[in-house]
Every structure is written in C-alpha cells, then in structure tokens.
Amino acid sequence: MERPVQETTSTYFNPILKKGVAPVSVENIDPGLIDTFNSAVEEAFTDDAPVVKERIKYLMPYIIQNIDWEEYGMPLEGWQLKYYYQRERFLKVSGLSYDKFLNHTLLLQAIEDLELEPEPVFEFILFLSYYYHLRCDLRYSSIELLEKLKTELKKGNAEAQMDVVLDGRHYKFSNSSFVKALISSVEIEALTGGSFKNDFNEGPHRDKVRALDYFLIKTLLDFLPIHKEGRRGRFSQAERNFSLCVLNFCGRLQGDEPEIICSQFNNATFDKLMRDFKDTEIPFAMELFL
C-alpha cells in the first residue's frame, strides 16, 4: 500500500541525515554496507530484486552516503526501501516516463557520451525530480517561520519591523527593540500542540524553482559515475549537454528547438545556473519526507 506523502519533518529521523556530504564513488563505500543494502533489496522485492537493483544502481550510493547508518542504529529493512522506491508515485507526480525518456534522443546521446547506462540514469532523475520539485509546492508552517525568525534575531543588530494585518487593516511597528522583544517572548513549545503545527497555507515557497533545478543537476553530476578526473572545477561539454537535456526532459527548459537548447549553443544557461547557486548548500532530496 502506498504511503501518504509526509509534509512535516520527522524529528526522529533528522539526526540520521549527514551534512555536507562530499560525494565519493561507489568503489569507496564500505562493501559491507552495500552488501547489507542489496540483501535488504532482495528481501523487500524477492523475485523482482534483480530488476530493482539494476534500476537503482546509481541511486543506491546516493542514498547510502547521505544517511548516517551508525546514528540510525538499526538495520536497513524492506519497508524503508519500498518507501525510498515508490516508483509509481514518482512517475505519476512527476509526469515523467521511461518511454518519454527513450524518445529523447539528445539525452540518450549525452548519456552515451558520458559512458553511463540509460535505465539507472532515468531512475536517478525520476527520484530527484520527484523530491526536489515537490518541495516547491510545500510552504513553511507558522512554527517554522517563527523558528527561522527567532534564529535571525539572534544573529546580530539588524533592524526589525512588523506589519500585522487585522480585518484588512495594517498595523506597522517600527520600534525594533519592541518587535524583537515581542518575537523573543513567544514560546514555540506552547504552540506545537495547536493548529499551527501542520499549517502550510502561509509563508514563502521552500525553495525557488531555479534553485531546485540546480540541486537536480548538481546532484546528478556529483553522484553519477562520470569520469571527473580532468574536471578541475570546470564541467566538460558532455556534462553540460547532459544537464541541459535533463532540464529539457523534466520540462524545466522548454523551447521549440531542442537541438539548440540541449547543446553547446546554450552553454550560457548552464553556466548561469551553476554560477547563481554555486555557494548554495544542496539538501538531501528526501530530507523533508523521512
């Protein structure tokens, strides 16, 4: 049975997510951990296990590297894998399909140029597209906004103002000391049991969509087994073409001339995306849904 999407973070699972993961190749991951993961796949999917293992060939190292299994303190089990890999939901929500993928000849050529296998690349794109682009539909709850605000107030001497709307009338407070004292006096613990906890009808989008495009592309470039020895901070033309094709395939880079959109003629689009978000921390795609 398909589990509902969890729209609030789980405080139990938060500690198991690693921060600032530096991608390493699958050859450098503990072989015992890979064996455990594959054993769990076999238990969870039985006769379908060989197919699933082939599909998640490139996705598996990404999942393993981003979760601190020692902190987790228990073995990987079948239900977790099925939660990681609810493929039918990913297909339905993302609007992507393997047939559409196979018909994107420029993307398939880019994958061949990078010496990758098409099917596990598709599954990795599908997984990331589902989780990253679902984020743009989620909004911060009142509790989250209050926590972020209190954190910002502790940072320094920035001036604070407040605009309260009541029955369409605005009441603006410009006294920074008063606003800070008012916000600081609110006890978040007193609110968590009330109606604010799951209120996702307020606040800004979690991430700007272009940032999500960057997360998608940079994660693929970092975690796919692409030969990176000569990169030295610069991406190859094959990597650029691949990235543009992925954005086009996911509907994020549209146009009537894919031969131009997905080629070196459009390098400026790739370069600007990489430049605009180069210092942005990339979250683990599943971090909001564990």
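Everything numeric here is computed off the predicted structure, so don't read it as measured data. The basis for the numbers below is simple: all heavy atoms, side chains too, and nothing from hydrogens, waters or symmetry mates. Throughout, residue positions are numbered sequentially from 1 according to the sequence presented.
- Checking side-chain atoms of Y132 against main-chain N and O of P283 turns up a donor-acceptor pair under 3.5 Å.
- Remark: S94 engages no residue in a side-chain hydrogen bond (donor to acceptor under 3.5 Å, both in side chains) (not counting sequence neighbours).
- In this structure, the side chain of S176 engages the main chain of A160 through a donor-acceptor pair within 3.5 Å.
- Taking CG from L107 and OG from S243, the interatomic distance works out to 10.0 Å, rounded to the nearest 0.5 Å.
- The distance from the CD1 atom of I56 to the CZ atom of R87 is 12.0 Å, given to the nearest 0.5 Å.
- Within the model, atoms CE of M274 and CG of L221 stand 6.5 Å from one another, a figure rounded to the nearest 0.5 Å.
- One finds a salt bridge joining E42 and K53 here, because a Lys/Arg side-chain nitrogen approaches an Asp/Glu carboxylate oxygen to under 4.0 Å.
- A donor-acceptor pair under 3.5 Å is absent between the side-chain atoms of D167 and the main chain of R169, judged by distance alone.
- Across all non-hydrogen atoms, the minimal contact from L106 to C262 is CD1-CB, 4.1 Å.
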- prompt: So F215 and T280, side-chain contact (heavy atoms from CB on, under 4.5 Å) or not? Walk me through it.
  reply: CA-CA 9 Å; F215 295 163; T280 304; 3.8 Å; yes
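- Formation of a donor-acceptor pair under 3.5 Å by the N266 side chain with backbone atoms of I260 is not found in this model.
- Look at K272 and D276 and you find a salt bridge, because one of the NZ, NE, NH1 or NH2 atoms lies within 4.0 Å of a carboxylate O, short of that distance.
- V165 and F173 fall into different hydrophobic clusters, where Ile, Leu, Val, Met, Phe, Trp and Tyr side chains are chained together by heavy-atom contacts under 4.5 Å.
- When every heavy atom of H104 is checked against every heavy atom of C245, the shortest pair comes out as NE2-O, 3.8 Å.
- Under the 4.5 Å side-chain contact rule for hydrophobic residues, L33 and I63 share a cluster.
- Nearest approach of Y214 to L273, heavy atoms of both residues: CD1-O, 3.8 Å.
- For S129 (side chain) and L126 (main-chain N/O), no donor-acceptor pair under 3.5 Å exists by modelled atom type.
- When side chains are defined from C-beta on, I261 does not count as touching L244, because their heavy atoms never get closer than 4.5 Å.
- Applying the side-chain hydrogen bond (donor to acceptor under 3.5 Å, both in side chains) criterion to Y62, with sequence neighbours excluded, gives no partner residue.
- A pairwise comparison of heavy atoms in M162 and I183 identifies CE-CD1, 3.6 Å as the closest pair.
- Between atom CG of residue L114 and atom CD of residue Q109 there is a gap of 10.0 Å, rounded to the nearest 0.5 Å.
- Here the rule is ring-ring contact (aromatic ring centres under 6.0 Å, His included) with F122, and of Y98, F127, F90 only Y98 fits it.
- Cluster membership check: F37 shares its hydrophobic cluster with F45, using side-chain heavy-atom separations under 4.5 Å among Ile, Leu, Val, Met, Phe, Trp and Tyr.
- Both V186 and L153 are assigned to one and the same hydrophobic cluster, defined by single-linkage of ILVMFWY side chains at heavy-atom distances under 4.5 Å.
- What you find for C250 and L216 is that their closest heavy atoms are SG-CD2, 4.2 Å.
- The distance between the ring centers of F101 and F249 falls below 6.0 angstrom.
- V209 is listed as a side-chain neighbour of R252, based on a closest heavy-atom distance under 4.5 Å.
- Under the 3.5 Å distance criterion, the side-chain polar atoms of R240 are matched with a main-chain donor or acceptor of F235.
- Shown here is K100, whose NZ atom has more than 12 heavy atoms of other residues, nucleotides or ligands within 6.0 Å.
- Looking at heavy atoms from C-beta onward, F223 lies in side-chain contact with Q65 at the 4.5 angstrom threshold.
- Between L108 atom CG and L102 atom CG the span is 6.0 Å, to the nearest 0.5 Å.
- The shortest distance between side-chain heavy atoms of P120 and L59 does not fall below 4.5 Å.
- I34 and M60 make their closest contact through CG2-CE, 4.0 Å (heavy atoms, listed as atom of the first residue, atom of the second, distance).
- Annotation: side-chain hydrogen bond (donor to acceptor under 3.5 Å, both in side chains) contacts of E54 (sequence neighbours excluded): none.
- If you check the side chains of Q237 and N241, you find a donor sitting under 3.5 Å from an acceptor.
- Heavy-atom contacts from other residues, nucleotides or ligands closer than 6.0 Å to CG of D47 number 12 or fewer.
- Annotation: the span from L128 atom CG to L212 atom CG amounts to 11.5 Å, rounded to 0.5 Å.
- By the criterion of side-chain heavy atoms lying less than 4.5 angstrom apart, applied directly or through intervening Ile, Leu, Val, Met, Phe, Trp or Tyr residues, L91 is grouped together with V246 in one hydrophobic cluster.
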